[in-house]
Amino acid sequence: MAERKPLISGNWKMHMNHLEAIAFIQKLSYALDQADYASADVSIHPPFTNLRSAQTVLDADSIPIALGAQHCHWAESGAFTGEVSPAMLAKLAVRYVIAGHSERRQIFGEADEQVNRRLKAILGAGMTPIMCCGETLQEREANQAEARIAAQVDAGLAGLKRDQVGAMVVAYEPVWAIGTGHTATPDDAQAGCALIRDRVRANFGADAAAGVRIQYGGSVKPANVAELMAQPDIDGALVGGASLEAESFSRIVRFRLQ
Ligand code: PEP
């Protein structure tokens, strides 16, 4: 089994308009070179309104950064006011779609069953899902973290094929570490990612477990990325706040030089 190439993803959340996105991508592309793209895959996940502009810049300047989305509906089309379909994203050359981010789970009440439907639709449209999971502080303090993560993984991936799971991405994002500045220790982040890989192995077999890329997310910054990425089960990072500055995001992508 080939080594898993790290995937560094920038989740912009509800930040930047399309003009700011264009300027950001140009700045980021000046900061990265071919050696960086050879050592890590990079994706950016702007708001929906920026995808067309971002795709045009990436394509016109042949920038090897993958375009990502933050969410989608599972239906192909229909009466779903405010939603965007996987087919619409695929048409814009979107490659990765985040599903089940904790902000969607907590603020918009997204349940595991909906995350599972989203994953199937994303895969059906030929894109790669990044499924987020992770425990809240309350669950952690009640010693329920492992059970929560396992339940999210089992329910989120239910019914997928082994090869689909082996080619997708799961992000371990402890909720208490997202946007708080409290990064998990490398040992805690490794334990969460190893647990996810174990669940994948138990449910989908050794090949899927060896192939699935598991990101850590939660206050990743240039100063802490290298020690997190050094862990055996961490194959990349899902980055929020620090992905909004080209300088800090490019330093995270170049974590081997930190
Ligand atoms: C995220 O949005 O997934 C995230 C991890 O945010 P932050 O890096 O700001 O904690």
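Both ligands and their constituent atoms are indexed starting at 1 by order of listing.
Ion pairing between a basic and an acidic side chain is recognised when a charged N comes within 4.0 Å of a carboxylate O; Arg197 and Asp235 show such pairing. A salt bridge does not link Arg251 to Asp36: none of the charged nitrogens lies less than 4.0 Å from a carboxylate oxygen. Salt bridge annotation for Arg104-Glu110: present, with a cationic side-chain nitrogen under 4.0 angstrom from a carboxylate oxygen.
Within 4.0 Å of ligand 1, protein heavy atoms come from Asn11, Lys13, His101, Glu173, Ala177, Ile178, Gly179, Gly217, Gly218, Ser219, Leu238, Val239, Gly240, Gly241.
In the model, Asn17 has no side-chain atom that pairs as donor or acceptor with a side-chain atom of Asn50 under 3.5 Å.
For residues 237-248, there are no side-chain hydrogen bond (donor to acceptor under 3.5 Å, both in side chains) pairs, not counting sequence neighbours.
Taking every heavy atom of both residues into account, Gln26 and Ser29 meet most closely at O-OG, 2.8 Å.
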